[in-house]
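Hydrogens, waters and symmetry mates are skipped; everything else that's a heavy atom, side chains included, is used. Here is how names work: the chains are called A, B, and so on, in the same order as the sequence lines, proteins then strands, and each is numbered from 1.
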Amino acid sequence: MKMSKLFVQTLRENPSDAEVVSHKLLVRAGFIRKLTSGVYNYLPLMWRVLKKIENITREEMDRAGAQELLMPFVQPQELWEESGRWGVYGAELMRLKDRHERGMCLGPTHEEVITSIARDGLKSYKQLPVNLYQIQSKFRDEIRPRFGLLRGREFIMKDAYSFATNEEDLMKEYQNMAQAYKRIFKRCGLDTKMVQSDSGAIGGKISHEFMVITDTDAGENDVFYCDSCDYAANSNHAISKLPAAVVDGGFNKKEVIDTPNTHSIDELAAFLKVPETVILKSILYIADSKPVLALIRADKQVEETKLMNAVGANEIRIATAGEIEEIMREHGFDAVAGFIGPKGLNDINIIADKTVYDMKNFVVGINQTDKHLVGASLSDFPNIDKYYDIRLCEAGDFCPQCGKPLKVTRGIEVGNIFQLGTKYSEPMNAVYTDVDGKNKPFIMGCYGIGISRTAAAAVEAHHDEHGIAWPVAIAPYHVVIVPVNINDELQIQTANRLYEELQRAGIEVVLDDRDERAGVKFKDADLIGFPYRITVGKTITEGLVEFKTRQGEVMDKISPQDAVYRIIAEVNKILA
RNA sequence: CGGAAUGUAGCGCAGCUUGGUAGCGCACCGUGUUCGGGACGCGGGGGGCGCAGGUUCAAAUCCUGUCAUUCCGACCA
């Protein structure tokens with residue numbers, strides 16, 4: 001490709017709406033352009049990158065035995081009613097009506113459609129197990145799109161769905177996909193960590209996410225992991241052992257005392273001169289519009305996804321100050337936030353964290369403003385009868401597997417795998433006929449990779465102050481040839497010769513034939529992120545060129561042949 | 001949805017307080033000098049100021065409404 005004809009416009013300045021580095025660089029280097037909030041044009045350079053990631057994904061999925069198909073982007077409401085998700089998916093599902101006022105939606109994921117395909121096309125146990133996948137655009141009307149391609153509303157995803165007759169085959173395919181994913185991300189030049197996670201709106205029991213580890217804001221997930229063993233989990237799912245703590249308040253007697261204006265745990269602990277670990281914290285949530293009281297040792301935080309799972313709700317949020325007072329009033333109490341507790345709330349769902357189980361002689365709110373009960377014990381609250389893990393882990397907690405300290409970092413979720421079981425096949429009546437002649441629902445799994453997010457994550461992982469540094473396997477082009485002065489006959493001839501020679505060898509090469517100063521061409525080359533650069537300058541009179549890798553290796557004076565051979569060798573090695 | 005802010009040329013911005021008919025940098029076109037890390041000079045082209053009303057002799061500037069975008073909080077590949 002000649003640079004003079006390449007469709008690209010590089011910018012000197014960062015776009016004003018970009019926060020994270022991948023967004024800034026992809027816009028500045030001319031890869032993407034925003035059409036509307038969370039929706040981007042993939043310009044020619046970007047499309048080359050995306051196609052490469054798609055192809056790597058496709059090759060590995062095919063190698064793993066999956067079959068590619070393509071499902072519609074627009075889906076009918078009825079299908080979503082069959083699975084029961086039309087009512088629960090929420091505003092993220094982009095709903096629309098056709099001219100006949102029939103309900104439709106833009107596909108945010110394709111469990112419903114694939115299940116309908118399976119129930120039509122898979123009739124016998126003899127056809128199973130099978131894994132079907134597609135690579136396609138998805139649309140999710142995110143509350144707040146941001147970070148460019150990392151959280152767009154429209155994005156490209158590879159989604160695969162497996163169908164089996166039993167849990168064992170599902171588990172095999174799950175492992176098979178986990179292995180395929182590791183190969184895919186490795187080939188894309190990305191280090192990923194496979195972590196346990198909550199399965200969220202997609203459903204199912206067991207799930208793992210593939211995270212690109214980063215220490216920037218672009219990583220929207222907290223990941224807890226252990227260096228001593230293989231434990232790693234998303235914060236929404238991580239469990240831990242706690243360091244020893246004082247859990248006995250040491251109060252002489254049980255009594256209600258005045259604790260004026262202690263609206264926060266800080267203030268209460270300071271007022272009573274006790275550690276937070278002897279205070280029982282009560283937080284009122286609204287789960288699917290019903291009140292839920294969460295109890296936890298006051299030095300710990302509630303993990304809302306865990307709480308949501310414990311309640312079995314689809315949506316959860318902390319109650320507002322007004323709601324707290326109103327709900328208290330309904331139960332005959334006059335209490336504001338900061339003074340509430342489980343006392344007397346017999347018809348409210350109470351979810352106690354396991355940390356509560358060990359507490360003795362503690363401090364707790366009793367639904368009276370400006371008062372707390374000290375010296376309390378769990379037997380005072382017969383309505384606390386079950387204990388769950390709803391606690392958010394913290395760095396410094398210990399690994400649940402080996403007991404060593406856990407570490408925390410941030411990650412970008414580029415892929416995930418779920419064991420769905422019969423969550424969709426059962427309600428949608430997707431069954432096959434088993435050996436015994438009986439109809440049984442498919443045991444399903446599903447497996448996603450954010451293709452466009454993976455591209456952005458690659459930029460987050462591979463860049464410097466000058467621009468992007470694409471891994472060879474997903475770079476839009478492998479090499480750029482820069483003749484310093486295009487009016488120099490020898491330089492331009494040599495550049496042309498190298499250009500043709502590399503092309504013949506199957507290398508993807510850009511010849512920067514623009515009549516620009518060398519500095520401009522170098523800046524653009526660095527910004528766009530070509531893995532290799534050959535500069536043909538003055539030293540060509542001695543038969544020498546400069547060879548540079550985007551990683552920073554420079555050879556000032558090298559023969560053009562050596563540069564070409566090296567590029568051919570390295571690229572072929574990576575692509576092999 | 002709650003809180004904050006912004007919409008002026010492809011991009012980044014100034015001009016609005018104190019209304020007088022739009023400007024700067026980058027990018028683009030022409031031209032000359034320059035030529036190994038985003039050169040400089042000269043000469044050009046492009047917008048009527050998100051949209052719709054209103055006030056006024058006159059509105060990018062004031063008023064009303066509306067739409068969009070961005071940031072901060074609750075969601076997820």
Side-chain angles (χ1 to χ4, degrees), chain A residues 8-19 23 27-28 30 33-39 89-93 108-110 135-147 149-160 181 197-202 207 209-212 220-221 234 236 285-286 304-305 308 314-320 411-418 446-457 466-467 482-488 491 514-527 533 535-540 545-546 548 554 556:
Chain A
V8 64
Q9 163 94 302
T10 57
L11 304 175
R12 279 190 209 226
E13 287 164 294
N14 281 319
S16 60
D17 59 357
E19 290 278 300
H23 187 190
V27 172
R28 270 192 63 206
R33 183 130 197 170
K34 184 170 71 179
L35 183 61
T36 183
S37 178
V39 178
Y89 207 98
E92 206 178 289
L93 184 63
T109 175
H110 281 68
I135 297 175
Q136 196 211 30
S137 286
K138 296 277 184 274
F139 195 96
R140 296 184 188 174
D141 198 2
E142 294 281 347
I143 296 167
R144 191 140 94 80
R146 61 183 144 177
F147 300 159
L149 259 34
L150 286 171
R151 179 170 296 280
R153 293 195 292 172
E154 184 174 315
F155 57 96
I156 301 174
M157 181 174 174
K158 186 283 303 177
D159 47 325
Y181 274 34
S197 74
D198 181 72
S199 40
I202 310 290
S207 73
E209 293 168 339
F210 286 76
M211 297 280 188
V212 173
E220 296 189 83
N221 301 271
N234 189 314
N236 66 21
Y285 282 87
I286 305 294
E304 294 187 359
T305 304
M308 194 159 76
N314 291 310
E315 210 174 6
I316 202 158
R317 62 178 174 80
I318 290 192
T320 64
I412 300 168
E413 181 186 354
V414 289
N416 63 14
I417 54 180
F418 295 97
C446 80
Y447 318 91
I449 287 181
I451 300 286
S452 44
R453 181 182 278 182
T454 297
H466 302 296
V482 180
V484 168
N485 181 353
I486 63 159
N487 299 314
D488 182 305
Q491 286 185 24
R514 295 176 299 169
D515 187 9
E516 289 286 353
R517 310 176 98 230
V520 172
K521 300 187 191 186
F522 294 154
K523 290 286 184 192
D524 279 344
D526 287 350
L527 184 58
R533 188 179 91 197
T535 306
V536 184
K538 282 192 214 110
T539 55
I540 195 59
V545 297
E546 180 197 75
K548 197 164 187 245
V554 188
D556 270 68

Undergrad: Check ring pair (Phe, Tyr, Trp, His ring centres under 6.0 Å) between A:H23 and all other residues, then give those that pass, not counting sequence neighbours.
TA: A:Y40
Undergrad: If you restrict it to nitrogen or oxygen atoms, what contacts under 3.5 Å exist between nucleotides 9-15 of chain B and the protein, and what is each distance?
TA:
{"from": "B:G10", "atom 1": "O3'", "to": "A:R33", "atom 2": "NH2", "distance (Å)": "3.0"}
{"from": "B:G10", "atom 1": "O2'", "to": "A:R33", "atom 2": "NH1", "distance (Å)": "3.3"}
{"from": "B:G10", "atom 1": "O2'", "to": "A:R33", "atom 2": "NH2", "distance (Å)": "2.5"}
{"from": "B:G12", "atom 1": "OP1", "to": "A:S16", "atom 2": "N", "distance (Å)": "3.2"}
{"from": "B:G12", "atom 1": "OP1", "to": "A:S16", "atom 2": "OG", "distance (Å)": "3.1"}
{"from": "B:G12", "atom 1": "O2'", "to": "A:E13", "atom 2": "OE2", "distance (Å)": "3.2"}

Undergrad: Answer yes or no for this row: A:F155 ring on B:A77 base, centroids under 5.5 Å, planes under 30°.
TA: yes
Undergrad: Checking A:A457 now: which residues fulfil side-chain contact (heavy atoms from CB on, under 4.5 Å) with it, not counting sequence neighbours?
TA: A:V212, A:I412, A:V414
Undergrad: Provide, to the nearest angstrom, the distance between the CD1 atom belonging to A:I451 and the C1' atom belonging to B:A77.
TA: 10 Å
Undergrad: Dump the pairs, protein N or O against N or O of nucleotides 32-34 of chain B, anything under 3.5 Å, distances to one decimal.
TA:
{"from": "B:U34", "atom 1": "O2", "to": "A:R517", "atom 2": "NE", "distance (Å)": "3.3"}

Undergrad: List in chain and number order the residues that pass side-chain contact (heavy atoms from CB on, under 4.5 Å) with A:L527, two or more places apart in sequence or in another chain; answer none if no residue qualifies.
TA: A:T10, A:L25, A:R28, A:A29
Undergrad: Distance check, rounded to the nearest 0.5 Å: A:I156 atom CD1 versus A:I449 atom CD1?
TA: 13.0 Å
Undergrad: Considering only side-chain heavy atoms of A:I143, which listed nucleotide, B:G36, B:A77, B:C75, is closest?
TA: B:C75
Undergrad: Assess whether one donor atom and one acceptor atom, taken from the side chain of A:R28 and the base of B:G38, lie less than 3.5 Å apart.
TA: yes
Undergrad: Could you state the CD-C1' distance from A:E304 to B:G73, rounded to the nearest angstrom?
TA: 12 Å
Undergrad: Which part of the nucleic acid, if any, lies within contact of A:E413, taking any heavy atom under 4.0 Å across all strands shown: a base, the sugar-phosphate backbone alone, or nothing?
TA: sugar-phosphate
Undergrad: Could you tell me how far B:G3 sits from B:A58 if I compare only their P atoms? Round to whole Å.
TA: 37 Å
Undergrad: Could you tell me whether A:L527 contacts a base, only the sugar-phosphate backbone, or nothing, with contacts defined as non-hydrogen atoms closer than 4.0 Å?
TA: base
Undergrad: For A:Q491, check side-chain contact (heavy atoms from CB on, under 4.5 Å) against everything at least two apart and list the hits.
TA: A:V484, A:N485, A:D488, A:V536, A:I540
Undergrad: Tell me which nucleotide among B:G37, B:U69, B:G73 gets nearest to the side chain of A:R146.
TA: B:G73
Undergrad: Work out how far the C1' atom of B:U56 is from that of B:C62, and round it to whole angstrom.
TA: 10 Å
Undergrad: May I ask which nucleotide in the shown strands pairs with B:C40, Watson-Crick or G-U wobble, both distances under 3.5 Å?
TA: B:G32
Undergrad: Between B:G41 and B:U34, how many Å separate the two C1' atoms, rounded to a whole number?
TA: 11 Å
Undergrad: With P as the reference atom in both, quote the distance from B:C29 to B:G19 in angstrom, rounded to an integer.
TA: 41 Å
Undergrad: Which label fits B:G48, syn or anti, where anti is any glycosidic angle not within 90° of 0?
TA: syn
Undergrad: Rounded to the nearest Å, what distance is computed from the CZ atom of residue A:R144 to the P atom of nucleotide B:A5?
TA: 16 Å
Undergrad: Hunt down the Watson-Crick or G-U wobble partner of B:A77, both distances under 3.5 Å, from any strand shown, or write none.
TA: none
Undergrad: Should B:U61 form a Watson-Crick or G-U wobble pair with both distances under 3.5 Å, which nucleotide is its partner?
TA: none
Undergrad: Roughly how many Å apart are B:A59 and B:U17, using the C1' atom of each and rounding to a whole number?
TA: 15 Å
Undergrad: Does A:N416 place a side-chain N or O at less than 4.0 Å from the phosphate oxygens OP1/OP2 of B:A77?
TA: yes
Undergrad: From CG of A:D488 over to C1' of B:G36, roughly how many Å is that when rounded to an integer?
TA: 13 Å
Undergrad: Rounded to the nearest angstrom, tell me the gap between atom OH in A:Y181 and atom P in B:A77.
TA: 11 Å
Undergrad: Is B:A14 paired to anything, Watson-Crick or G-U wobble with both distances less than 3.5 Å, and if yes, which nucleotide?
TA: none
Undergrad: Using a cut-off of 4.0 Å on non-hydrogen atoms, how would the nucleic acid contact of A:G448 be classed: base, sugar-phosphate, or nothing?
TA: nothing
Undergrad: Between A:R153 (side chain only) and A:D141 (backbone N and O only), is there a donor and an acceptor less than 3.5 Å apart?
TA: no
Undergrad: With a 3.5 Å cut-off and no angle check, do the side chains of A:N234 and A:E209 form a donor-acceptor pair?
TA: yes
Undergrad: Does A:Y447 offer a backbone N or O that forms a donor-acceptor pair with the side chain of A:K158 under 3.5 Å?
TA: yes
Undergrad: Can you tell me the Watson-Crick or wobble partner of B:U21, both distances under 3.5 angstrom?
TA: none
Undergrad: Distance from A:L93 atom CG to A:F139 atom CZ, nearest 0.5 Å?
TA: 10.5 Å
Undergrad: For A:G30, answer base if it contacts any base atom (sugar-phosphate contacts may also be present), sugar-phosphate if it contacts only those atoms, and nothing otherwise; contact means non-hydrogen atoms under 4.0 Å.
TA: nothing
Undergrad: If we take the P atom in both B:C42 and B:G36, what is their distance in whole Å?
TA: 24 Å
Undergrad: So, under a plain 3.5 Å distance rule, would you say the side chain of A:E516 forms a donor-acceptor pair with the base of B:G38?
TA: no
Undergrad: Classify the nucleic acid contact of A:V414 as base, sugar-phosphate or nothing, counting any heavy atom under 4.0 Å across all strands shown.
TA: sugar-phosphate
Undergrad: Looking only at side-chain atoms of A:T36, point me to the closest of B:G36, B:C75, B:A68.
TA: B:A68
Undergrad: Suppose we call a contact any N or O donor and acceptor under 3.5 Å apart; does that hold for the side chain of A:N485 and the base of B:G36?
TA: no
Undergrad: Check side-chain hydrogen bond (donor to acceptor under 3.5 Å, both in side chains) between A:D159 and all other residues, then give those that pass, not counting sequence neighbours.
TA: A:Q134, A:K138, A:Y161
Undergrad: A:F155: what forms a ring pair (Phe, Tyr, Trp, His ring centres under 6.0 Å) with it, not counting sequence neighbours?
TA: none
Undergrad: Judged by each residue's nearest nucleotide on RNA chain B, which is more toward the 5′ side, A:E220 or A:K523?
TA: A:K523
Undergrad: Which comes earlier along RNA chain B counting from the 5' end, the contact point of A:G450 or that of A:K34, where each point is its nearest nucleotide?
TA: A:K34
Undergrad: Taking A:S452 for the side chain and A:L149 for the main chain, is one N or O donor matched with an acceptor at less than 3.5 Å?
TA: no
Undergrad: Across all strands shown, which nucleotide pairs with B:U69 by Watson-Crick or G-U wobble geometry, both distances under 3.5 Å?
TA: B:A5
Undergrad: Going by side-chain contact (heavy atoms from CB on, under 4.5 Å), name the residues that satisfy it together with A:A525, two or more places apart in sequence or in a different chain.
TA: A:V480, A:F530, A:R533
Undergrad: Please report, rounded to the nearest Å, how far the P atom of B:A74 is from the CD atom of A:E92.
TA: 15 Å
Undergrad: Can you tell me how far C1' in B:G38 sits from the matching atom in B:C26, rounded to whole Å?
TA: 10 Å
Undergrad: Can you tell which of B:C26, B:C72, B:A77 lies closest to the side chain of A:R12?
TA: B:C26
Undergrad: Rounded to the Å, how far apart are A:I486 CD1 and B:C35 P?
TA: 15 Å
Undergrad: What is the separation between atom CG on A:D141 and atom C1' on B:C1, rounded to the nearest whole Å?
TA: 13 Å
Undergrad: Any idea which of B:G37, B:U70, B:A39 is nearest the A:V520 side chain?
TA: B:A39
Undergrad: In whole angstrom, give me the gap between the P atoms of B:A9 and B:G48.
TA: 9 Å
Undergrad: With heavy atoms under 4.0 Å as the rule, sort A:S452 into base, sugar-phosphate or nothing.
TA: nothing
